[in-house]
Each structure stands twice: as C-alpha cells, then as structure tokens.
Amino acid sequence: MESKFQTFSEKRDTMDQASGRFFFQPLDHFFHKNIEALATMSEQLYENGMPVCRMIRSHEGQLVVTDGGVQGVLMQAPETEPAGAVSEGTALASFQLFTTGIDPLAFPESPMYSRTAGMIQSIDTLMEKYRQIDSKSPQTAFEKLFYENFPYFSGCAENAIQLLTDLSIDSRGREPAVIAHYRYTGRSTQILENPALWVIDGPSRDVAEWLRLHAWNRGGKAFELEVDTFLTDYEAMYPLDPSHAVRTFARLLFPLSYIECCERYFWGPGDQDHQWFCEMIRLNEEKIADYEYLLKRLARRYAGIRVPEWITGEMTG
C-alpha cells in the first residue's frame with residue numbers, strides 16, 4: 001500500500017538503529033500509559049514514512065526499563081526532515097487521516113468523553129475562588145487582576161461549554177478519534193513526533209491549538225493569511241464538517257491559557273514566581289482582541305456555527 005505520508009519524505013533512507021539519536025523518556029512524561037499500544041502505533045507510522053520517535057525494546061524485549069532508579073523508555077529520534085517540504089495544514093490533515101479510527105477506550109486518559117465535564121469542573125472551581133476573593137482583604141496583585149477579568153473569561157468558558165453541550169444533543173455522530181498532541185505547535189511537532197506527547201482525542205484539538213498558538217504569537221490581521229492558508233490546505237484533505245467546525249470554535253472560545261494560568265497560581269507549588277503569573281494574566285487580557293478577531297473570522301468561514309451574539313453582533317473585524 002502506498003504510504004499516506006509519502007509527501008513527508010519521498011526519499012527517506014533506511015535508518016540504522018546504531019546511527020540513530022537516542023534519548024531516555026521518563027515514564028511519567030507520557031500522557032498515555034498504554035506503552036505497548038503507543039509503541040505499535042509509532043512503529044506503524046515510522047514504517048509509513050513519518051518522522052516519528054521509535055520506542056526501543058531492551059534485550060529482554062521490554063519497553064519500560066530503569067535508568068538511575070527512574071523508569072522510562074529508550075527512544076530513537078528520527079532524522080530531521082527538510083522544513084517546508086509540506087504545508088502545516090496538509091501535514092496535520094495527513095497525520096489525522098492516517099491515525100483515524102483509534103479506539104479511545106484503549107487509552108483511559110483520553111479526554112474525548114470527559115472534555116465538557118472537565119471544562120465545567122475547571123470553571124466552577126475558579127468561580128468558587130472568585131467568590132472567596134470577593135470577601136478577601138487585602139488581595140494579592142494577581143488576585144486583583146483575576147477578580148477584574150474573571151467575569152469576561154468565565155463568560156467565554158460558559159459559551160464554549162454550551163456549544164459543546166448543544167452539539168452532543170443535536171449531533172448523532174461523535175468526533176472520530178485520532179492521534180493528537182498535548183500541545184500542537186505545527187512545524188516543530190512534524191519534525192519530532194514523540195509518542196510521550198500524543199493524546200488520543202478528536203481532530204479539532206490540534207486544529208484549535210494551532211490557531212490558538214498563532215493568535216497568541218501573531219494575532220489579529222497580522223496572521224489572517226496564515227490562518228486562511230492553514231485551513232484551506234487542511235480542508236483539502238480533511239474537510240471540516242459542521243460538527244468539526246463547532247468543536248474547533250468552542251475549543252478556541254474556551255480560555256484555556258487563562259484558566260491554566262489561574263489554576264497553576266492558586267493550586268501550584270508555593271514557591272512560584274508571582275510576578276510571572278501577573279504578567280501572564282495581563283497578557284491573556286491583552287490578547288482578547290486578537291482572539292475575538294479570530295473567532296469572528298471562523299464565524300464567517302463556517303456560517304453554520306451558532307456563535308454567541310456578542311461575536312455575531314459585531315462582524316466588521
């Protein structure tokens with residue numbers, strides 16, 4: 001069968017294990033714990049021309065070994081591929097098409113069937129913290145910023161949760177499971193596919209993460225062409241049906257960066273850099289206009305999305 005990843009490496013040389021680049025991946029760095037299944041998938045991808053890290057067995061045939069008292073897996077990094085060989089949209093669509101059909105039940109950590117519940121839990125927990133801060137005096141610098149902007153971000157979260165809830169009621173089909181990534185970054189992810197960072201989830205996860213990252217780094221009209229090119233290239237291979245588009249939109253609407261920042265501040269280690277957290281929560285507020293612009297762009301592109309009125313009411317951006 002012709003490789004679905006042929007465009008990634010038309011002339012990939014056979015990699016000799018002895019000449020490969022090896023590194024030790026601690027077991028607790030793997031998102032999923034079904035190591036055997038991950039090894040099987042990584043080998044299949046490698047055999048089909050994908051630059052993926054291979055998981056090397058010991059002489060005894062074991063994947064999990066111990067080094068210096070730490071359990072982990074010996075990984076063989078792929079030879080790097082020439083940058084720009086294929087567009088990011090095409091690369092992601094190809095990867096998802098090849099990995100579509102994975103059984104998420106084999107990976108108990110998969111968030112596919114608990115995503116909305118996880119969103120609700122996060123926002124409810126922060127809401128309780130918001131109420132506590134309301135009656136607290138004095139407040140820390142971070143708490144003051146959190147108290148000022150939480151109503152906006154919690155509103156975004158509630159709108160996102162409602163979209164996903166409505167979709168689960170209206171749609172008969174579920175999003176297919178694919179190999180996604182904990183945080184998809186685009187080109188760098190293509191060069192080094194590490195099974196430790198794989199997350200069995202729906203295809204909207206990586207599409208939304210690419211858009212979120214580029215909105216954060218570039219923002220607004222500055223990356224308008226990049227967004228259109230990425231989505232056009234992606235859809236040429238993996239069309240976004242209405243439910244896929246809604247999930248992508250809802251993921252972007254959910255203020256993930258803001259919520260993770262707040263959760264780390266309130267429930268992370270006590271010796272954290274408080275100034276860094278203040279700067280990060282300010283950045284989230286500064287990026288509001290960029291994200292709203294992106295959401296409006298998506299609302300235009302996928303007219304079937306029932307987007308919140310505060311977005312559709314101002315479609316001039």
Side-chain angles (χ1 to χ4, degrees), residues 1 3-5 8-9 12 14-81 91-92 94-115 117-118 174-210 256 260:
M1 181 181 69
S3 170
K4 296 182 181 180
F5 284 102
F8 280 100
S9 180
R12 178 176 64 81
T14 301
M15 189 191 306
D16 188 318
Q17 179 171 312
S19 65
R21 298 179 295 116
F22 295 89
F23 64 95
F24 184 77
Q25 185 77 71
L27 196 60
D28 61 3
H29 289 188
F30 282 80
F31 184 88
H32 288 300
K33 306 308 178 186
N34 191 338
I35 303 301
E36 286 288 342
L38 291 174
T40 298
M41 291 189 297
S42 66
E43 198 64 25
Q44 290 174 346
L45 289 166
Y46 171 79
E47 292 299 330
N48 281 276
M50 181 67 183
V52 58
C53 293
R54 305 173 74 187
M55 301 168 68
I56 308 302
R57 294 183 183 274
S58 68
H59 292 298
E60 293 76 24
Q62 301 299 313
L63 285 168
V64 179
V65 296
T66 301
D67 181 43
V70 178
Q71 284 192 313
V73 179
L74 181 63
M75 313 288 288
Q76 183 183 35
E79 297 173 337
T80 57
E81 298 294 326
L92 178 59
S94 299
F95 187 80
Q96 291 183 347
L97 281 171
F98 190 89
T99 62
T100 295
I102 293 173
D103 181 8
L105 297 180
F107 301 89
E109 305 85 3
S110 172
M112 283 203 69
Y113 302 136
S114 60
R115 180 178 307 109
R174 286 179 171 176
E175 192 175 21
V178 301
I179 293 180
H181 306 81
Y182 185 73
R183 288 291 183 271
Y184 183 71
T185 58
R187 183 67 62 190
S188 61
T189 305
Q190 296 172 30
I191 293 174
L192 185 61
E193 281 287 350
N194 187 345
L197 306 180
W198 288 347
V199 178
I200 307 306
D201 204 345
S204 63
R205 180 189 185 102
D206 283 354
V207 175
E209 283 303 313
W210 188 96
L256 183 62
E260 288 184 340

Using every non-hydrogen atom in the two residues, find where Ala196 and Phe30 come nearest and quote the distance to one decimal. CA-CD2, 3.4 Å
Got a sec: does the OH of Tyr182 have more than 12 other heavy atoms crowding it under 6.0 Å? no
A side-chain contact here means heavy atoms from C-beta on lying under 4.5 Å apart; do His181 and Phe95 qualify? yes
Output, in order, the C-alpha distance, side-chain angles, deciding distance and verdict of side chain to side chain contact (heavy atoms under 4.5 Å, CB included) for Ile35 and Leu27. CA-CA 9 Å; Ile35 303 301; Leu27 196 60; 3.8 Å; yes
Closest contact, heavy atoms only, Met112 versus Ile200: CG-O, 3.8 Å
Do the side chain of Thr99 and the main chain of Ile179 share a donor and acceptor less than 3.5 angstrom apart? yes
Using every non-hydrogen atom in the two residues, find where Leu63 and Met55 come nearest and quote the distance to one decimal. CD2-O, 3.7 Å
Treating Glu175 as the side-chain partner and Ser204 as the backbone partner, does any N or O pair qualify as donor plus acceptor under 3.5 Å? yes
Looking at every heavy atom in both Gly202 and Arg115, which two are closest together, and how far apart are they? N-NH2, 4.2 Å
Evaluate side chain to side chain contact (heavy atoms under 4.5 Å, CB included) for Phe31 paired with Leu38, printing each intermediate quantity in order. CA-CA 11 Å; Phe31 184 88; Leu38 291 174; over 6 Å; no
Please check this pair: side chain of Arg54 against backbone of Pro78, looking for a donor-acceptor N/O pair closer than 3.5 Å. no
Rounding to 0.5 Å, atoms OH (Tyr184) and CG (Leu197) come to a distance of 13.5 Å
Compare every heavy atom of His32 with every heavy atom of Ser110, then report the nearest pair and how far apart it is. N-CE1, 3.6 Å
Please round to the nearest 0.5 Å and tell me the distance separating atom CD of Glu36 and atom CE of Met41. 11.5 Å
Are Arg183 and Leu256 side-chain neighbours, meaning at least one heavy-atom pair lies under 4.5 Å? yes
Over all heavy atoms of both residues, which pair between Gln71 and Phe24 is shortest? Give the atoms and the distance, please. C-CZ, 3.8 Å
Looking at Ala180, is its backbone amide N or carbonyl O close enough to the side chain of Asp201 to form a donor-acceptor pair, meaning the two atoms are under 3.5 Å apart? no
Any side-chain heavy atom of Ser42 within less than 4.5 Å of one from Cys53? no
Do Gln25 side-chain atoms and Met75 backbone N/O form a donor-acceptor pair below 3.5 Å? no
Taking the side chain as C-beta and beyond, is there a heavy-atom pair between Val178 and Asp206 under 4.5 Å? no
Taken in chain and number order and not counting sequence neighbours, the residues that satisfy side chain to side chain contact (heavy atoms under 4.5 Å, CB included) with Ala117 are none
What I'd like to find out is whether the side chain of Val52 reaches to under 4.5 Å of the side chain of Trp198, using heavy atoms alone. yes
